[in-house]
Structures are given as structure tokens and as C-alpha cells.
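Written below as C-alpha cells is the structure these notes are about.
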Amino acid sequence: MNRAIVEFTALSLVVLGCWVLSRLSHRQAAEPDGGYPARREFDFDLGSMWKSVVHWTTTTNHREIGTLYIIFGTFAALWGGIEAMMMRTELLTPNASIWSTETYNALFTSHGITMLFFFVTPVFFGIANYFLPILIGADDMAFPRLNAIGFWLLPPSLLLVRGGLPSQVIGQFLRLFDVHGPLFQFFWTLRDPELGWTLYTPLSTQSSNPQIDFLLLGLHLSGIATTLGAINFIVTILYERAEDVGFDSLDIFCWNLLVTSGIIIFAFPLLGSAAIMLLFDRVLGTTFYAPQGGGALLWQHLFWFFGHPEVYIIFLPATGLMSFILPKFAGRKLFGFKFIVYSTMGIGVLSFGVWAHHMFTTGIDPRLRASFMAVSIAIAVPSAIKVFNWITTIWSGRVRLTAPMVLCIGSIGTFVVGGVTGVFLAVIPVDIVLHGTYYVVGHFHLILMGIIPFMMVAASYYWYPILTGRMYDRQLALFQSLLLVVGSVVTFGTLVIMGLLGLPRRFAIYPAEFASYQRIATIGAYLLGISVLLWLYNMLWSYWNGTPVKTADVWGLKRTHQFTREWQWFERRLEEKYGIEPTEPEITRPAATSVPGEGSPNILVGVEPLINTIPRIAGAAAIGGFIGTMLMSGVLFTATVLGVFDLVSFSDLAGFVGEQGVVIGYLLFLIGGMTTWALLFAVLAEYLPGGPRIITGLAFATIISVGFGLAFYTGQTGLHLLAYAVFVLIAHWFYGFGLSATFEYLSERWEVA
């Protein structure tokens with residue numbers, strides 16, 4: 001398949017879907033009742049649109065700049081995430097049957113660069129821009145115009161780095177209209193590099209792809225933007241703090257930003273210098289990384305002297321969010337505040353002394369390897385201090401299982417596994433064995449995916465009332481958070497196992513005995529993709545349709561004396577704009593509550609009525625499952641006629657009960673549709689996304705279609721594989737529609753809750 005068209009189409013569909021969802025949400029928003037909040041309006045006349053464009057491109061307000069950072073980072077995350085899904089789809093089969101090996105190499109190169117440079121750092125900068133001045137009592141950032149310049153350098157840098165994909169798409173459209181000639185040769189020349197995100201020499205110096213030159217310029221530009229932002233954060237924290245905010249009372253998130261900004265100032269200029277030298281080697285023929293000059297190893301030293309601190313540049317803000325948000329839902333203050341600050345500083349210093357552990361297999365001096373091994377193991381100590389303090393905070397707290405808290409707990413778990421697997425990699429003999437395997441990919445992603453996006457999502461839920469004045473769908477958020485945690489554990493835990501079994505990374509073709517592991521990892525990746533879409537849906541839909549906030553103490557922070565500065569600012573804002581009086585904290589709170597998402601769930605509340613209605617629920621589920629399976633069978637029959645679905649899958653299903661034949665297999669399939677999946681839907685429907693039950697049914701069917709697609713896959717390749725995936729999805733939507741519509745109809749008549 002054509003990678004450029006597929007990727008461009010997928011990204012366009014996601015962006016278009018967000019726009020359509022926003023429009024639908026806006027149309028269905030409740031009419032204003034004359035009080036708070038008024039309905040948000042879209043203005044589509046040219047004058048208003050031009051004013052908006054001018055306003056957003058010239059603003060120096062820290063909160064608006066922060067919003068721009070977050071939107072930009074989210075877009076980059078969607079782009080890089082689509083590439084991750086494309087890679088995992090390719091790895092469903094041992095052979096390169098969907099994309100070519102060159103395309104696969106380009107995918108993991110652009111995925112890594114996009115996620116590291118244009119997703120994580122911009123989103124954290126966005127959160128910091130919005131909340132840091134409020135948290136320290138400042139009116140704005142120290143240099144507002146520099147702040148705006150720092151952001152507006154990012155879009156052109158992204159375009160330079162990722163220009164290969166849009167140029168390919170434009171070039172292919174030009175060919176459709178029979179446009180040729182040297183004037184348009186530019187669009188057919190650029191293509192995404194296939195080097196790996198580390199850009200190792202001599203491959204990067206010898207490749208003839210001119211897109212690499214633009215990529216180096218883009219990275220340099222993004223480094224300048226990041227450094228400008230870091231300088232602004234440091235000056236703002238040092239000189240713009242309110243009089244009553246000393247370093248002893250500076251909150252933990254700001255402490256982490258301060259240390260992170262310090263690392264950036266030392267690390268990013270080095271990347272810029274190394275990238276410019278590489279560009280000179282490619283364009284001017286200099287010999288910085290040639291054998292007669294510094295050699296290929298010089299690039300690795302320079303790159304990793306930046307590259308490993310970069311890991312902590314994107315990791316420390318996440319730990320800052322964890323230390324900031326976790327106590328709010330643990331019902332007590334952070335345990336060991338000073339030790340967490342010291343550990344953050346320790347990581348900041350040690351992060352510059354571990355770069356050579358990426359080069360244990362390059363044959364560098366054994367004495368150097370030993371010293372870097374010692375430092376790499378030592379950096380686990382301050383990281384462990386953070387973990388123990390987080391656990392202790394939970395241990396003696398009064399935990400509320402909200403979505404942010406679920407993400408905090410999930411982050412601690414994945415970070416512990418990712419950290420421990422990293423300690424093994426710091427040991428030279430182990431690293432030599434596991435270097436270049438999926439173990440490294442699993443370890444890396446358990447930390448990066450396991451805590452960074454988790455805490456970004458947790459922060460989006462925690463501060464959503466301040467950002468929008470409304471509450472999000474709490475049940476959907478809880479379900480999405482659990483899906484995110486499960487998807488991460490399944491995906492990256494499987495990668496660690498594959499690495500321990502010796503499977504090399506960065507290959508599109510792999511031995512067939514690893515196919516099952518790869519499919520499990522892909523299922524987990526699809527769960528991650530679905531959870532991201534659910535988060536997007538919740539954020540956009542709730543922006544217009546969420547419950548309006550009636551008090552600034554949304555999380556009950558006053559009763560635990562954690563009503564911090566940003567909430568105090570929000571409370572004053574509510575009073576000034578809408579006349580909402582400040583609330584007094586409750587003296588006591590119940591140990592448990594049955595209100596969904598607000599506290600520890602009282603499970604027994606739902607048990608008694610469930611027992612009384614079990615027969616009716618089972619009956620409705622069975623009938624709904626039967627109708628849904630019949631509808632689904634019609635779609636599968638069509639797919640069979642077209643040759644993209646093989647009935648032999650039903651024979652395999654019969655083999656599980658010691659029988660043979662398509663008929664026996666189909667009967668088992670029908671029974672499963674009436675019992676297992678139908679009952680699962682009946683139990684989980686309350687926690688699945690979507691207001692009407694039919695929407696919930698479609699969401700449920702979409703999730704389970706992944707398992708069906710893998711279980712009934714019979715080796716289709718190319719377009720047959722794509723058609724198989726489409727028919728599987730449509731068949732499940734029919735199943736979900738039939739099941740949920742019937743269940744809804746019967747539940748009303750049988751009084752099933």
C-alpha cells in the first residue's frame with residue numbers, strides 16, 4: 001500500500017473527525033438560561049475569522065501561548081501515533097506484506113523524532129506556560145514576546161523535519177493530473193529518511209535523500225525554540241515569584257520545571273552544534289564524522305551527551321505532575337517533599353554522566369565503560385526515592401479512585417518495571433546481550449509511554465475545570481484511563497519478553513515463531529489508539545456539553561488543605577465573572593461514596609439489584625446477541641463471497657472443543673455471540689463511552705473487533721488484508737447495533753436497570 005497516502009488520509013480523518021465532533025457538540029449544547037455559562041459560539045464571517053487569526057498569531061498571553069503549545073503537541077502526537085499504529089499493523093505478519101521494509105524504516109524514524117521533539121516537550125511547555133505564572137503568583141512570563149517567538153518557531157521546524165510526507169502526497173496528486181517537469185521535481189525528491197531517529201553516521205552522511213538536510217535544520221530550529229522557552233521558565237521562576245513564594249514554598253511542579261530547564265540549556269545547544277556539523281559534512285564535504293576527521297563514534301558521543309539528558313528533560317516534568325497531582329487524590333500532602341526536590345536535582349546532574357552506556361557495544365575503553373556503568377546504576381537511586389515517596393503518600397492517604405488517580409497508580413507501576421529493566425541494561429554484560437533487541441524498546445517505552453502521556457492525560461483531567469469551566473465525562477475518563485494502562489502494559493510488556501527471547505528490533509521481517517507475541521503487542525497498541533481517541537472525544541465533547549462548574553473546589557481540596565494557587569485564582573475568576581461565591585470545606589467526608597468518579601466506589605450498592613434482575617439481563621443479552629450475530633453473519637457472508645474471509649476459521653474454532661466442521665464452528669460462534677460477548681456488554685455498558693446505548697454498543701463492538709480480527713485471520717495480505725480488516729470492523733458494528741438496540745428495547749420493557 002502507498003504509505004504516504006494512507007498516513008496522510010488517516011491524519012486528515014482524525015483532524016476532520018475532531019472538527020466534526022466539535023461542530024456536533026456545539027449544536028447539541030444546551031441553550032443558555034441567562035446565567036453561567038453562556039453558550040460558546042463559532043463565528044464564521046471573514047471579519048471575525050481574520051480577527052481570530054491575528055489575535056492567536058500575535059498573542060503574548062501566557063495562557064493562550066500555553067493552549068497553542070498543547071494543541072500543537074497533540075497534533076504531533078496524533079501524527080506520530082498513526083505511524084506507530086502503521087508499524088504495529090505491519091508486524092502482525094512475519095513478512096513485510098503491508099509496507100515495504102524501506103517504508104517500515106521510514107516509519108520508525110519519523111515516529112521517534114516526532115514524538116520526542118514535537119509531542120512531549122511542547123505539551124509540557126504548554127502546561128507550564130499556562131500554570132507556572134499562576135502557581136508562583138506572577139502576572140505573566142518574564143519575557144512574553146520571547147515566549148511567543150519560542151512557540152512560533154516550532155511549526156516551521158516541524159514542517160522542515162516532516163516535509164517528506166506532505167511533499168510526497170503533493171507529488172502523487174500532481175501525477176494524477178499528469179503534471180511533470182523539473183519545476184515540480186522537488187515534490188518527487190523528498191521522502192522521509194530511513195535512518196532511525198538517532199541519525200547515526202556514516203549512514204546519515206552518505207544518504208542522498210535531501211530531506212535529511214531539512215530535517216537537521218528543523219531539529220536545530222526546534223532546539224532554539226526549546227532553549228528560548230527554558231530560559232524564560234528559569235527567569236520567571238527566579239525573578240517573577242510573588243513575595244510570599246520562596247524556594248521553600250515553591251511547589252514541586254515548578255521545582256521540576258526549574259531543573260528541566262537547566263538541563264535543556266546545557267543539552268540542546270550541543271544537539272544544535274552536532275546537527276550543524278553533520279549538515280556541513282553532507283553539504284560542504286567537511287570531515288567532522290568521516291574516518292579522517294572525528295569518525296562515526298564522535299556523532300554517537302555528541303548525540304548521546306544530548307540524548308540521555310533529553311530522556312530526563314521529558315521525564316522530569318511528568319514526575320513533577322505526579323508529585324503535584326497524586327497527593328490531591330491521596331488526601332494528604334506529599335511525603336518527603338525535600339527529598340523529592342533533592343532527587344530531582346540529583347537526576348539533573350547525573351543525567352549528563354550516563355551517555356556512554358548507549359555505547360557499551362562500540363568497543364570504547366573498558367575503564368570508561370565501567371565508570372559509566374556505575375553512574376548509570378547510581379541514577380536509579382534518586383529515581384527510586386521518588387517512587388518510594390509516592391507509594392508512601394498513597395500508603396497513608398485516603399485514596400479516591402478518580403481517573404487522574406488511576407493514571408498516577410498506573411504510572412508508578414509501569415515506571416517501576418521500566419526502571420528495573422533499565423538497571424539491567426546499565427550492567428555491561430547484560431547490555432551486550434540485550435543491546436539491539438526488543439528489550440530496549442520495551443524498557444524505553446515503559447518509561448516514556450508509561451508515565452509521560454499518563455501524567456499528561458491526568459493533568460488534562462485534573463485541570464480541565466480551570467481550562468474550560470466545565471467537567472468532563474467522569475465515567476468515560478475512568479474507562480479511558482484503565483484502557484490506557486492495560487494497553488501500555490500489554491504492548492510494552494510483550495516487547496520486553498520478545499527482547500528477552502532474543503528478537504532483534506528495527507526489522508520489518510522477523511522469525512515466524514514470534515508472530516503470536518507481535519500480535520499480542522499489536523492488540524495492546526490498538527487499545528492505546530482507541531484510548532487516545534476516547535480521550536479526544538471526551539475533551540472535545542465536554543468542552544461544550546460538560547457539566548458547568550459551580551464551585552472552584554471541584555476535587556474537595558480545601559478539606560485537605562491542598563487548595564493551591566491555581567484553584568484560588570480560578571475561584572476568584574468564578575466570583576468575578578459569574579458571581580459564584582467561594583465555598584467552605586466540609587468538616588468531615590464519608591469514607592466512601594456511591595457518586596461515580598467522586599470517591600471510592602461503593603461496589604455493594606449495585607450488587608443487590610443486579611441479583612434481582614440477572615435473569616432478565618441474561619435474557620435480553622441473549623436475544624440481543626442473537627440478533628446482532630445474525631446481522632454480523634450477513635456481513636461475513638458477503639466477505640466470504642468476495643474472498644476476503646475464509647470459513648476455515650470456523651473449523652479452527654470447532655477444534656477447540658475437539659470437533660471438526662464449519663457448521664459446528666459457526667454454532668460455537670453463535671453461542672459466544674449470545675452469551676460471552678452479550679453478557680460482557682450488559683455488565684460493562686455502564687462504563688463504556690457514549691450516552692445512547694447504541695453508541696455504547698458501537699464502541700464495545702469496535703473494541704472486541706480487534707480480538708476477532710486476530711483470531712480469525714487466515715493469512716490475507718495486501719489489499720485482501722485491508723478488506724478483511726474493514727469487513728471485520730463493519731461486521732462488528734452491525735453486531736454492536738443489533739445487540740445494543742435490542743438490549744435497549746427489552747431493558748425498558750423488562751425494567752432492567
Side-chain angles (χ1 to χ4, degrees), residues 83-84 86-96 99 101-102 104-113 115-116 194-200 203 296-297 300 303-304 307-308 310-311 354-364 369 372-373 376-377 379-380 414-450 487-525 528:
E83 289 167 331
M86 293 170 69
M87 279 190 289
R88 292 311 316 175
T89 303
E90 165 57 48
L91 294 171
L92 280 172
T93 58
N95 298 317
W99 319 115
T101 53
E102 292 78 13
Y104 180 82
N105 291 342
L107 281 172
F108 76 71
T109 301
S110 52
H111 165 73
I113 291 175
M115 288 303 206
L116 282 175
E194 304 156 10
L195 311 172
W197 71 276
T198 51
L199 304 175
Y200 278 162
L203 187 59
L297 209 56
Q300 293 193 35
F303 180 84
W304 287 117
H308 208 86
E310 163 69 4
V311 173
V354 297
W355 83 87
H357 75 225
H358 293 273
M359 302 158 66
F360 283 161
T361 58
T362 59
I364 60 174
R369 288 196 298 182
F372 279 103
M373 182 181 76
S376 299
I377 294 174
I379 204 170
T414 51
F415 175 61
V416 167
V417 178
V420 171
T421 52
V423 172
F424 287 112
L425 282 179
V427 180
I428 296 171
V430 178
D431 181 76
I432 291 174
V433 174
L434 296 175
H435 188 84
T437 69
Y438 268 96
Y439 182 91
V440 179
V441 184
H443 148 72
F444 184 64
H445 281 82
L446 276 171
I447 290 180
L448 291 195
M449 184 68 201
S488 298
V489 172
V490 171
T491 304
F492 307 119
T494 308
L495 297 190
V496 170
I497 294 172
M498 284 192 290
L500 288 171
L501 294 175
L503 181 63
R505 56 176 169 161
R506 295 177 175 170
F507 286 98
I509 300 171
Y510 58 87
E513 59 263 31
F514 289 98
S516 300
Y517 294 101
Q518 292 282 23
R519 287 169 188 164
I520 292 172
T522 301
I523 291 174
L528 285 177

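All figures in this text were calculated on a predicted structure; none of them were measured in a lab.
- The side-chain heavy atoms of V441 and F444, taken from C-beta on, include no pair separated by under 4.5 Å.
- Here the closest non-hydrogen pair linking P511 and L503 is CD-CD1, 3.8 Å.
- Between F372 and W355, the angle of the ring planes goes over 60°, which puts this pair in the perpendicular group of the 30/60° scheme.
- Looking at heavy atoms from C-beta onward, R88 lies in side-chain contact with Q518 at the 4.5 angstrom threshold.
- Inter-residue side-chain proximity for F514 and Y438 is flagged as unmet; no heavy-atom pair is nearer than 4.5 Å.
- Atoms CD1 and OG1, on I113 and T198 in that order, are 8.5 Å from each other to the nearest 0.5 Å.
- Annotation: the span from E90 atom CD to I509 atom CD1 amounts to 8.0 Å, rounded to 0.5 Å.
- Looking only at side-chain heavy atoms (C-beta outward), F415 and L446 stay at 4.5 Å or farther from each other.
- Proximity of a side-chain donor or acceptor of T437 to a complementary backbone N or O of G502 within less than 3.5 Å is not detected.
- R505 is listed as a side-chain neighbour of V440, based on a closest heavy-atom distance under 4.5 Å.
- Going from atom OG1 of T361 over to atom CZ of R369 covers 9.0 Å, rounded to the nearest 0.5 Å.
- Here the NE2 atom belonging to H111 is positioned 8.0 Å from the CG atom belonging to L116, to the nearest 0.5 angstrom.
- In terms of modelled atom types and a separation under 3.5 Å, the side chain of T414 and the main chain of G450 share a donor-acceptor contact.
- Using a distance-only test at 3.5 Å, with no hydrogens or angles considered, a donor-acceptor pair links the side chain of Y510 to the main chain of L91.
- Side-chain atoms of Y517 and L501, non-hydrogen and from C-beta on, do get closer than 4.5 Å to each other.
- Looking at heavy atoms from C-beta onward, F492 lies in side-chain contact with L528 at the 4.5 angstrom threshold.
- At least one donor-acceptor pair closer than 3.5 Å links the side chain of Y439 to the backbone N or O of T421.
- Within the 3.5 Å criterion, the main-chain N or O of M86 finds a donor-acceptor partner in the side chain of W99.
- Residues H445 and T491 are not in side-chain contact: their nearest non-hydrogen atoms beyond the backbone lie 4.5 Å or more apart.
- The structure places CZ of F303 at 12.0 Å from NE2 of H308, a figure rounded to the nearest 0.5 Å.
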